[in-house]
Undergrad: 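I am attaching a structure below and will ask some questions about it afterwards.
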Amino acid sequence: MSILSVENLSLKIGSESILNNISFKLGHGRILAITGESGSGKSMTALSITQLQPKYAKLKGKIFFKDQDITEKDEFELCKIRGAKIGMIFQEPMTALNPVKTVGDQISETIVLHSEKNKKSADTETLNILERVGLSPATEVIKRYPHELSGGQRQRVVIGIAIALKPSIVIADEPTTALDVTTQAQILALLKRLVKEDNISLILITHDLAVVSDMADEIAIMQNGIIVEIDETQNLFRNMKHPYTRSLFAASGHSVDLPSAKRSADLLLTIQNVTCRYRLARTKIFSKSDYFTAVSNVSFDIKNGERVGLVGESGCGKSTLTRAILGLEPIYEGAINVEDQDISKATLNTRKNIQVVFQDPYGSFNPRHKVSTLIKEPFYLIKDALEVKNIESKIDNVLEDVGLSSADKNKYIHEFSGGQRQRIAIARALIIKPKLVIFDEAVSALDVTVRAQILDLIGQLAVEYGLSYLFISHDLAVIRSITDRCLVMKDGKIIEEGLTKKVLEQPQNAYTKTLIEAAPKLPSFQMEL
Amino acid sequence: MLGYILKRAISLIVSLCLASIIIFSVVEIAPGDPASFMLGINAQEDTIAALRAELGLDQDKLSRYFSWVSGMIKGDFGTSYTYRSPVSDMIKERIWVSLPLALYALLISTFIAFPAGIYAATQRGKAGDAAVMGATQFGIAIPNFWFAMILVVIFALKLRWFSAGGFVEWENGILLSLKSLTLPAIALALPQASILSRVMRSALIETLSEDYIRTARAKGFGKKAVIWRHALRNALIPVLTIIGLQFSFLMAGAIIIEQVFFLPGLGRLVFQAITQRDLIVVESVVMLLVFAVITVNFIVDVAYAVVDPRLRRRV
Amino acid sequence: MKNNSLILGGLLSALVVIAALVSFLWVPFDITQLSIPDKLQTPNEVHWLGTDHFGRDILSMIMIGARTSLAVAILAVGIGFFIGVPLGLVAATKKNSLLDETIMRTNDLIFAFPSLVIAILITALFGAGAMNAIIAIGIFNIPVFARVSRGAALSLWQKEFILAARVSGKSDLRISAEHIFPNIANLLIVQGTIQFSLGILAEAGLSYVGLGTQPPVPSWGRMLADAQTMVSFAPHLAIIPGSAIIVTVLGLNLMGDGLRDLLDPRVRRSRE
C-alpha cells in the first residue's frame with residue numbers, strides 16, 4: 001500500500017509542457033529519489049505534490065495521499081496537510097529562513113499552528129528538535145537568528161521544521177546542492193537517520209546520481225518532464241534500460257581521456273610564501289579592525305604544460321588566491337611571478353599570459369554585448385599592432401575550436417545555453433593564446449552531461465594550444481579526471497600536494513581523507529550490454 | 001547595537017554642523033543688503049550704516065556664524081530684522097501649527113496607504129490592483145495646492161462644512177483646531193498617500209517573492225497568515241524610510257499649502273521672511289527644518305535596527 | 001496591462017510635447033494682447049478653452065505654458081543626470097573609500113534640505129525666473145541620480161563579467177563607461193521620467209508663488225495663482241491649467257512605469 005500515488009500528472013505553463021504524464025508510487029517508510037538534470041521538471045513535481053506550484057501553472061492528473069486526492073482539496077485543507085503531514089525542504093538554506101525571526105520561533109510556530117500546544121510547550125518541543133538535528137546546545141541555538149548560522153546549520157533548522165510534527169512524507173528538493181561536500185555528507189546522514197527513526201517516507205530530489213545511489217530505495221530518472229525509467233536502486237544500476245539513464249550514468253562517472261602533455265622544466269607560475277588578508281568590518285566602534293587571513297603562506301609552482309588542480313571547499317581561500325594570481329587582489333606578503341615577472345608590477349604584456357574562465361555561465365558576460373565583442377575583450381591587453389590584425393578571423397577560429405560556429409559571433413549571450421556559454425567563456429580565455437588558464441569552478445554550474453563534454457573539450461584544447469592550467473574545483477571527481485597534479489587547500493593553507501592519482505587514492509592528510517570519504521560515490525556496476 | 005547608534009549619532013552631529021555652514025553661506029552670498037532693503041531706496045547712507053550696526057551686520061562673517069550657532073544651541077535664534085522680536089518666540093508659536101499639520105497629514109496618508117498597498121499586493125495582476133495603481137497614479141499627478149483649491153471650493157464655499165482658511169488656536173478647543181487643519185491635511189496627504197501606497201505594494205510584492213515565504217507556505221500557513229506573520233515585518237523596512245522622508249517633506253512641503261489656507265505656520269513664516277529679506281528668520285527656520293529631517297532619519301535608522309536583527313551586530 | 005501604461009503614457013506625454021513644440025510656430029491667439037471685452041469666457045467655438053480675466057485665450061496660454069514647464073523640468077533633469085550619474089558611478093568604483101563616503105554623505109546632506117523651501121529661497125534671493133528655477137530644482141535631482149546609479153553600479157561590480165573586464169586590463173573608469181553604464185541606462189531612463197514629472201510639479205509650485213517663470217510669459221502655476229480669487233465663479237480658470245499639469249505628470253509617470261516593465265527582464269519572464 002503506497003502512502004503517495006501520483007497518477008498521470010501533467011503541468012503546463014502557457015503553452016509549454018513542464019510535466020508530461022508523470023506517475024509513480026511512494027511506499028511506506030521508503031526513500032524515492034527523483035533524479036534529472038535542470039529543466040527535467042523534478043522541482044515542479046515536488047511543488048505540485050503539496051499544490052504549491054505557481055498560480056499560472058495548469059495542473060492535470062491525480063495525486064493520492066493516503067487515498068485522498070490532493071488535487072481536489074481546497075486551500076484550507078491543504079494548509080492542514082502542509083507542514084504537518086507532508087514536510088518540505090528546499091535547496092537554498094541561506095534564504096529559506098525569515099531573517100527577522102529567531103530559528104526557535106520559526107520551528108515553534110509550525111508546532112503551534114498544527115497542534116493544540118501554546119508557545120511555551122512548543123518551545124520545549126523545539127529544544128528537542130534542535131538536539132535531534134544536531135544543533136547543540138539547543139538552549140543557545142533557539143535564540144539565534146538565521147544570519148548567525150552557517151549554511152549547513154540553517155539546513156538543519158529547515159529539516160527540523162520539516163520533521164517537527166512527525167509527517168508521513170518529507171520532500172527534499174536538492175537539499176545539499178548548495179552545501180560543501182563534507183557538510184553534504186553530514187546532512188544526508190542526518191536525513192537518513194531521521195527518516196528511519198520516525199518511519200518517514202522520503203522523496204529526495206537531486207541531480208547527483210552518486211548521492212542517490214547511496215540513499216535511495218527506488219530511483220526515478222526524469223528527462224524533459226517525463227519519467228524515463230523508475231526502478232529499485234540496485235536494479236536500475238544493474239539494468240539501465242533507457243539510453244538517457246545510461247548517458248547520465250556515464251557522464252557522472254566520466255573520466256576525460258587526457259592525452260599526455262608535453263611538459264617542460266620551465267617555470268611558468270611561481271607562488272612564493274603568499275599571504276593575503278583583508279580587513280573585517282568593525283563590530284565595536286572603538287576597537288581596531290581585525291584582519292582575516294584568506295591565504296596563508298602559500299607556495300607552489302606550475303611548469304609549462306602542467307595541468308594542476310586546486311581542491312578546496314568554500315571559504316578555503318581559493319577565490320582570493322585566484323584573484324591574487326590574476327593581479328586583482330593585493331598581496332600582503334610574498335610574491336607571485338609569471339615567467340619571472342612580478343605580477344604586482346606586471347605590465348599588460350605579462351598579464352596577457354594568464355586568462356581565466358569563471359564559474360557562472362550567466363554572470364560572466366555583459367548581456368548588452370554581442371558575442372564577438374565579448375570574446376575579443378582580452379585583446380585590450382595586446383598593444384602589438386601586428387597581433388591585433390585579423391581579429392575577425394581569430395574570433396571565427398576560436399569559436400570553431402570550442403565547438404561553436406563563426407555565425408554565433410553576431411548573437412547575444414542570452415541566446416545560448418549554460419554549456420554553450422562556457423564554451424564561449426573558454427573561447428574568450430583562449431583567443432589571445434595565453435600560456436596559463438585558470439579554470440575557477442568552470443564546470444560546477446553545469447549539468448552532468450554537459451560537464452562531461454566541456455571537460456573533454458578542455459583536455460583536448462589544452463594540448464592543441466599548448467596550455468598549462470590551474471583547475472580549481474571542490475569536486476574530486478572532476479579533479480581526478482582533468483589534472484595530473486593537485487593541491488588541497490584548507491583555511492588558506494596548502495595542506496597536501498602531489499600527483500592527483502596518489503593524493504586521491506593514498507591521502508596523507510586527515511582533512512583530505514575526510515574530503516574523499518565524504519564525496520558520494522557511484523556504484524561501480526558493470527553495465528549489462 | 002550601541003556602536004550602531006553611536007555612529008549614527010556622530011553622523012547626525014556632523015551633518016548638522018555642515019548644514020548650518022551651508023545655510024549660512026547661501027544666505028550670505030545672496031545679493032542685496034537687508035538693511036538697505038528694509039529702509040528702502042531713498043534711505044541715507046548713515047541711516048543704513050546705523051541699522052546695520054544695530055542688526056549686527058557689520059561684524060565679519062565668521063563671528064556672526066559662531067554667534068548664530070552658539071545662540072541656537074542655547075535656544076536663542078536671534079532677533080528678527082523685521083519684527084525686532086525673538087525668533088524663538090515666533091518659531092514656538094508657529095510650530096504648534098506646522099507640527100500637528102504634518103503629523104495629521106502623515107496619519108491620514110498612512111491610514112490610506114497601508115491598506116491600499118497591502119490590498120494591491122495581494123490582488124496583484126487583478127482588477128483590484130489595477131484600480132489602486134490607477135488611483136495612485138492620479139494622486140501623484142495632482143499638485144497639492146491645486147487640490148487644496150478644489151477642496152476649498154467644494155467643502156468650504158459650496159458645502160460650508162469647513163472654513164476656507166485660517167487657523168483656530170488650540171486654546172479655543174482641540175476639535176475646532178483640528179477641523180481647521182483638516183482640509184490642508186487632506187490636500188497634503190493626497191500625493192503622499194499615493195506614493196506610500198505604491199511603496200507598500202512593491203515592498204510587499206518583493207518580500208512575497210522571497211524564499212522564506214515559500215517555506216512559510218510549506219509549513220501550512222495560509223496566504224493571509226503568511227502576509228501578517230512573515231511578509232509585513234520585512235516589507236516595513238523600505239516603507240519606514242519613505243515615511244521618514246514624508247514627514248520631513250510634510251513639515252517643509254506645507255509652505256505652499258499654508259499660503260493657500262492662511263495658516264500661521266513655519267512655512268508661511270519662512271515665506272514671508274524670504275520676501276522681507278529677514279535673513280535671521282530664514283536661516284533659523286531652515287536650520288530647524290533640516291534638524292527635523294536629520295533627526296527623523298536618525299530615528300528611522302534606529303528603528304531599522306529594531307526591526308532587522310541583521311543590523312544590530314554591525315556598526 | 002503594463003504595455004497599456006506605456007502606450008497611454010506615451011500618448012499623453014506626446015500630446016503635451018507636441019502642443020509645446022507647435023507653440024513655437026503658431027498659437028490660436030496672441031496672448032500679449034489683452035482683450036478685456038472677451039474676458040472670462042467659458043470654452044466655446046472661438047476660444048476652445050475659454051478666456052481668462054484679461055481676455056487672453058487660455059488654449060494659447062496652455063500651449064506656451066507647456067513650453068515653459070517642459071523646458072524647466074527637462075533642463076533640471078539634465079543637471080541632475082549629467083552631474084549625478086558620474087558621481088554615482090565613480091563612488092561605486094571604490095566602495096567605502098573616502099571618496100565614496102564623501103559623495104554619499106554630501107548626497108544625504110542635500111536630501112536633508114527641504115527642496116521646496118530651498119528652491120523658494122534661491123529664487124527669491126537670487127532672482128525669480130526660469131533660469132534660477134532650473135538650477136534650484138536641478139540641484140535636488142543630483143543626489144537622486146547619484147544614489148540610483150551608485151546602487152545599481154554596486155550590484156553590477158559583483159558580477160563576473162566585470163571581473164573578466166578587469167582581467168583584460170581595463171581600468172575602473174573604462175569599465176564604468178563600457179560595461180556599467182549601458183547596463184544601468186534603463187534604470188536611469190525610468191528615474192529620468194520620474195524626476196521629469198517631479199520637475200513639472202516643482203515648477204508649477206514655484207510659479208504659483210510667483211517665483212518661477214515671470215510674466216508676461218505664461219506658466220501653468222501662475223495661471224492657477226491668478227485663478228484662485230475667481231474660482232468660485234469661473235472654475236475653468238483653475239480646472240484647465242490644473243488638468244494640464246495632471247495630464248503631463250500622469251503621462252510621464254505612466255510612461256516611466258511602462259518603460260520599467262518593458263525593460264525589466266524579471267517581469268517579462270513571469271508574463272510568459
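Note that this is a predicted model, so its numbers are computed, not measured.
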Undergrad: Between Leu163(C) and chain A, with a heavy-atom cut-off of 4.5 Å, which part of the residue counts as in contact: side chain, backbone, both or neither?
TA: both

Undergrad: Given Glu329(A), which of Lys318(A), Arg323(A), Arg277(A) fulfils the salt bridge (charged side-chain N to carboxylate O under 4.0 Å, His left out) condition?
TA: Arg323(A)

Undergrad: Given the options Lys159(C), Arg174(C), Gln158(C), which has more heavy-atom pairs under 4.5 Å with chain A than any of the others?
TA: Arg174(C)

Undergrad: With only heavy atoms counted, which part of Glu16(A) is less than 4.5 Å from chain C, the side chain, the backbone, both or neither?
TA: neither

Undergrad: Kindly say whether Ala66(C) contributes a backbone atom to a donor-acceptor pair with the side chain of Ser69(C) at under 3.5 angstrom?
TA: no

Undergrad: For His369(A), is it the side chain, the backbone, both, or neither that has a heavy atom closer than 4.5 Å to a heavy atom of chain C?
TA: side chain

Undergrad: Any idea which of Asn366(A), Asp360(A), Leu326(A) has the most non-hydrogen atom pairs under 4.5 angstrom with chain C?
TA: Asn366(A)

Undergrad: Could you check whether Thr213(C) and Glu203(C), counting side-chain N and O atoms only, form a donor-acceptor pair closer than 3.5 Å?
TA: yes

Undergrad: Using the six-membered ring wherever Trp is involved, compare the ring planes of Tyr469(A) and Phe439(A) and label them parallel, tilted or perpendicular (cut-offs 30° and 60°).
TA: perpendicular

Undergrad: First locate atom OG of Ser23(C), then atom CD1 of Ile18(C), and finally report the distance between them rounded to the nearest 0.5 Å.
TA: 12.5 Å

